[in-house]
Amino acid sequence: MRSAGASRRRRRSDPRRRSVLLTVLTSVVVLYSLVPLAWLFINATKTQPKLLDSFGLWFGGHFALWDNIHETVTYDDHIFVRWLLNTLLYVVLGAGGATFLAVLGGYGLAKFDFPGKRTVFAVVIGAVAVPGTALAVPTFLMFSKVGLTNTPWAVVIPSLISPFGLYLMWVFASEAIPDELLEAARVDGSGELRTFFRICLPLLAPGIVTVLLFTMVATWNNYFLPLIMIKDPDWYPLTLGLNSWNAQASTVGGQPVFNLVITGSLLTIVPLIAAFLLLQRYWQSGLTAGSVKE
């Protein structure tokens, strides 16, 4: 009896069975992630008529990807290029500025004590819980009072605030930078700015890259804020611009350009994929492991 019970316990805890289950679940997640990308690429190779009379997950005869890319870039007097440059502007100023402020704020909150620190922590946690869409209308009313609506600043300035990025850098800086390391730098006569830029900033690289990617993706995919702030199509980001192309099919006398919408969507995700591939080498953990002996 004891041998039979032990055998059943071994079967239940067999690592091979757990490995098979994990493999199946991972495969489902991979398919869930890759099938939309495959659909996007396949349909970007089709002409407008073939989109409507061919199977969505297979090619439609003539490979029209390069023709679609050329037409997307040149359509409506190269407006797609203008939207791409607008999006890059919002990402560089908005996401870059949000990352910079999050790094400074997170480091300061993690490594310096001051009155009201608990209150600041509560405010940051509360701000993380507030969805951005809840603040869009009050932000619009505030910006309209000062005449900043329908300008790039109406998108850039709200993007500079990233409560989640600040909280993430706060937590990461608390663990990545030992207090003993800062004390040793101060004993050696290093000033606070020099200590931050020469010693702490390299140690914060994984957290900085993580926050940068989060804020970059959020700004790149931002739709609702530009929707209520921007009325001039010349200042549209890609999200609004592609949506305006998609809406042409439902307007009186509008020309359906679904092939250009799909091709533009494919071109839109290429910079994000490139950013992840280029920055993934900075995602390293334990950079300070063993640097201080307790």
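- Pairs of residues two or more places apart, or lying in two chains, that qualify as salt bridge (charged side-chain N to carboxylate O under 4.0 Å, His left out) and include a residue from residues 108-130 are K111-D179, D113-K117.
- Here the OG1-CD1 distance, from T74 to I69, works out to 11.5 Å after rounding to the nearest 0.5 Å.
- A donor-acceptor pair under 3.5 Å is absent between the side-chain atoms of N246 and the main chain of L242, judged by distance alone.
- Interatomic distance, F80 CZ to T268 OG1, rounded to the nearest 0.5 Å: 4.5 Å.
- Side-chain contact of D232 with N150: a donor-acceptor pair under 3.5 Å is absent, judged by distance alone.
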Between W245 and W83, is the ring pair (Phe, Tyr, Trp, His ring centres under 6.0 Å) condition met? List the steps. CA-CA 12 Å; W245 280 2; W83 294 338; 5.3 Å; yes

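- Under the rule for a side-chain contact (heavy atoms from CB on, under 4.5 Å), the partners of D53 that lie at least two apart in sequence or sit in another chain are K50.
- Judged purely by distance below 3.5 Å, without hydrogens or angles, the side chains of S162 and T215 never pair a donor atom with an acceptor atom.
- Between F164 and F214, the ring planes lie perpendicular to each other; the angle is over 60°, past the 30° to 60° tilted range.
- Under the 3.5 Å distance criterion, with hydrogens and angles disregarded, a donor-acceptor pair is assigned to the side chains of Y223 and N243.
- Of the possible donor and acceptor atoms, one in the side chain of N86 sits under 3.5 Å from a partner among the backbone N and O of Y236.
- A side-chain contact (heavy atoms from CB on, under 4.5 Å) with M229 holds for exactly one of L148, T139, T151; it is T139.
- Checked by atom type and distance alone, the side chain of N259 never pairs as donor or acceptor with a backbone atom of N68 at under 3.5 Å.
- The CH2 atom of W58 lies 7.0 Å from the CD1 atom of I42; values are rounded to the nearest 0.5 Å.
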Report the C-alpha separation of I269 and F41 in whole Å, then their side-chain angles, then the decisive distance to 0.1 Å, and conclude whether the side chain to side chain contact (heavy atoms under 4.5 Å, CB included) test is met. CA-CA 11 Å; I269 67 173; F41 175 77; over 6 Å; no

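- For residues 182-202, every residue pair satisfying the ring pair (Phe, Tyr, Trp, His ring centres under 6.0 Å) rule, not counting sequence neighbours, is listed here: Y107-F196.
- With 3.5 Å as the limit, one finds no donor-acceptor pair spanning the side chains of S144 and T149.
- The minimum heavy-atom distance linking L212 with A95 is given by the pair CD1-O, 4.4 Å.
- Using a 4.5 Å heavy-atom threshold, the side chains of N222 and T239 count as separate.
- Without hydrogens or angle criteria, E71 side chain to L260 main chain gives no donor-acceptor distance under 3.5 Å.
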